[in-house]
Amino acid sequence: MKRFEGVDFYGLDELLSEEEQLVRRSIRDFVDGEVIPVIEKHFRDGTFPAHLIPQLGELGVLGANLEGYSCAGLNNVAYGLIMQELERGDSGLRSFASVQGALVMYPIHAFGSEEQKQRYLPRMARGESIGCFGLTEPDYGSNPAGMITSARKDRDAFVLNGNKMWITNGSIADVALVWAKLDGVVRGFLVDKGTAGFSTTLQSGKFSLRASVTSELHFQECRIPASQILPGVSGLKGPLSCLTAARYGIAWGALGSFMACYDCARNYAMSRIQFGKPIASFQLVQAKLAHMLTELTKGQLLALRAGRLKDQGKATAQQVSLAKRNNVFHALEAARTARDMLGANGVTDEYPIGRHMLNLESVFTYEGTHDIHTLILGQAITGISAFE
Ligand code: TGC
Ligand code: FAD
């Protein structure tokens with residue numbers, strides 16, 4: 001199989017450290033060797049390649065940018081490059097890693113008690129325990145502030161009631177981080193698999209992220225020890241700061257899908273003959289490739305700068321929104337263009353483009369829809385919130 005060599009039109013590799021390039025190489029090789037050979041079948045069958053989880057742990061992918069507790073402690077650019085390479089394989093694999101690392105391990109690391117950190121983080125870093133993040137509800141997606149799921153204190157316990165929907169990893173998770181209102185204030189609760197009153201159902205019928213588990217979570221008088229509340233945060237900024245961590249990874253991840261589509265379309269255009277010539281020789285086809293490469297390069301610059309700012313502790317949530325919004329939009333646009341460039345072959349799963357294109361429809365919607373990020377930027381520009 002041909003080794004993927006990346007796309008670097010602007011010499012950005014010169015801005016990466018040796019360690020960052022090594023990390024990227026190891027995940028790139030893993031994706032070429034272990035993911036790409038099996039992913040189309042998983043997508044077709046609607047199954048998650050769970051056999052890869054121990055290797056993700058060994059490679060240090062899970063919670064890679066966290067310090068201590070068996071986490072790799074990499075910088076945010078190396079972490080971003082990991083997300084990029086995983087999503088070049090499949091958005092479902094990157095989703096798994098995003099949820100595990102940014103949406104469950106990060107909040108335990110940032111807001112958990114020492115006992116919670118010791119109990120959950122090392123096993124999650126090794127891939128021995130899986131997490132899911134329950135924020136979205138059937139009636140509250142873009143507006144999580146309205147959530148209905150509630151918690152009430154009862155002696156030495158909290159009792160949860162409500163339903164969460166569209167939860168990645170839900171049915172395979174050992175622990176669910178569930179956001180619920182306690183006396184009207186949003187709080188995070190760690191609910192272990194098997195707790196009485198907690199059940200999950202698999203959501204089927206997806207044409208997108210088929211190689212990823214998506215579930216509903218149900219809580220009915222679900223009683224958890226009082227020690228399972230995240231002590232370090234209250235209010236909506238708890239879940240929203242997790243989202244900022246995950247959206248950063250998605251800004252990089254989308255570049256992986258983008259590169260896979262660009263690379264495939266370019267190779268196809270070079271070898272597909274019509275009217276006696278490779279289609280790559282036609283000006284309209286070249287224009288499509290030029291547009292893709294331009295947007296890919298701009299997206300790479302954005303992601304790299306966001307990573308350097310994050311490493312300096314200076315990246316704002318609004319800057320992350322801009323990068324997620326831009327990079328996912330252009331990755332999806334490129335996937336659709338690449339699909340067109342392959343003609344009828346673009347609608348088969350002999351090529352990865354259709355799968356990336358369908359996956360990116362979810363990525364466009366989750367972690368804040370494109371329009372929600374537009375409004376976050378609108379507020380940053382004008383100082384006026386469109387949500388109130
Ligand atoms: P608002 O009044 O603006 O803010 C409430 C409090 O939160 C703070 N805050 C943030 N903190 C950290 N990071 C952010 N991005 C933050 N945004 C806001 C804010 O400062 C405030 O703090 P305080 O101390 O004053 O209380 O909240 P709002 O209710 O007006 O909502 C704003 C809005 C609409 C932007 C927000 O609700 C939003 O982002 N909605 C989108 C929901 C979303 O993205 N859901 C994703 C669910 S998880 C998922 O999709 C996983 S997919 C699997 C995968 O990742 O692969
Ligand atoms: P809605 O909020 O109903 O939005 C519908 C449309 O209305 C969108 O176009 C939106 O942009 C638009 N809209 C909404 N409000 C406004 C406004 N004020 N102004 C203008 N337009 C507006 N959630 C989790 O908590 N955990 C997970 O692990 C998770 N994984 C997911 C996996 C998949 C495969 C998918 C598809 C979703 C996942 N989600 C998860 C849920 C995801 O975060 C939500 O789907 C997303 O936040 C949007 O919510 P919604 O689907 O209810 O759409």
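For ligands, and for the atoms within them, numbers begin at 1 and follow the listed sequence. Numbers here simply count residues along the sequence, with the first being 1. As a basis for the values below, the full set of heavy atoms in this structure was taken, side chains included, without hydrogen atoms, waters or symmetry mates.
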Taking 4.0 angstrom as the limit, do [X] and [Y] come out as a salt bridge?
X	Y	answer
Glu333	Arg336	no
Arg28	Asp32	no
Asp13	Arg24	yes

Is any heavy atom of the protein nearer than 4.0 Å to [atom]?
atom	value
atom 12 (C) of ligand 2	no
atom 29 (C) of ligand 2	yes
atom 7 (O) of ligand 2	no
atom 54 (C) of ligand 1	yes
atom 39 (O) of ligand 1	yes

Inset, instruction - Please work out which of Thr369, Thr136, Asn143 has its closest non-hydrogen atom nearest to atom 48 (C) of ligand 2. - result: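 It is Thr369 whose heavy atom sits nearest to atom 48 (C) of ligand 2.
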Legend entry - Selected option - heavy-atom contact closest to atom 4 (O) of ligand 2, from Ala176, Cys132, Ser142, Ser98: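 It is Ser142 that holds the nearest heavy atom.
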Do [X] and [Y] meet the criterion of a side-chain donor-acceptor pair at a distance under 3.5 Å?
X	Y	result
Tyr366	Thr168	no
Tyr248	Asn76	no
Glu216	Asn163	no
Arg94	Ser98	yes
Asn161	Gln220	no

Which residue owns the protein heavy atom closest to [atom], what's the atom, and how far is it?
atom	answer
atom 19 (N) of ligand 2	Leu375 CD1, 3.3 Å
atom 8 (C) of ligand 1	Lys237 CB, 3.6 Å
atom 52 (O) of ligand 2	Gly141 CA, 3.2 Å
atom 27 (C) of ligand 2	Trp166 O, 3.2 Å
atom 37 (O) of ligand 1	Pro144 CD, 3.3 Å
atom 26 (N) of ligand 2	Phe133 O, 2.9 Å
atom 22 (C) of ligand 2	Ile372 CD1, 4.7 Å
atom 9 (O) of ligand 2	Asp371 OD2, 4.3 Å
atom 14 (C) of ligand 1	Thr244 OG1, 3.3 Å
atom 45 (N) of ligand 1	Leu243 CD1, 3.7 Å
atom 41 (C) of ligand 1	Ser142 O, 3.5 Å
atom 47 (C) of ligand 1	Thr136 OG1, 3.6 Å
atom 36 (C) of ligand 2	Ser362 OG, 3.8 Å
atom 33 (C) of ligand 2	Tyr366 CD2, 3.7 Å
atom 31 (O) of ligand 1	Leu236 CD2, 4.3 Å

Considering only heavy atoms of [X], which atoms of ligand 2 have at least one such atom less than 4.0 Å away?
X	result
Leu209	34 (C)
Leu135	25 (O)
Glu367	43 (O)

Legend entry - Part of Ile167 within contact of ligand 2 (heavy atoms, under 4.0 Å):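 The part of Ile167 near ligand 2 is both the backbone and the side chain.
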Inset, instruction - May I ask whether Gly141 places a heavy atom under 4.0 Å from ligand 1? - result: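 Yes.
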Legend entry - Centroid separation Phe329 to His370 less than 6.0 Å: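 Yes, they do, as the ring centres are separated by less than 6.0 Å.
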Legend entry - CD (Glu14) with more than 12 external heavy atoms under 6.0 Å: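 Atom CD in Glu14 is not packed in, count stays at 12 or less.
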Can you check whether [X] has an N/O within less than 3.5 Å of an N/O in ligand 1?
X	result
Asn143	no
Thr168	no
Glu367	yes
Leu240	yes

Legend entry - 4.0 Å heavy-atom contact, Lys206 with ligand 2: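 Judged by the 4.0 Å heavy-atom criterion, Lys206 does not count as contacting ligand 2.
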Inset, instruction - For ligand 1, indicate whether the residue Ala317 contacts it via side chain, backbone, both or neither (heavy-atom separation under 4.0 Å). - result: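 The answer is the side chain.
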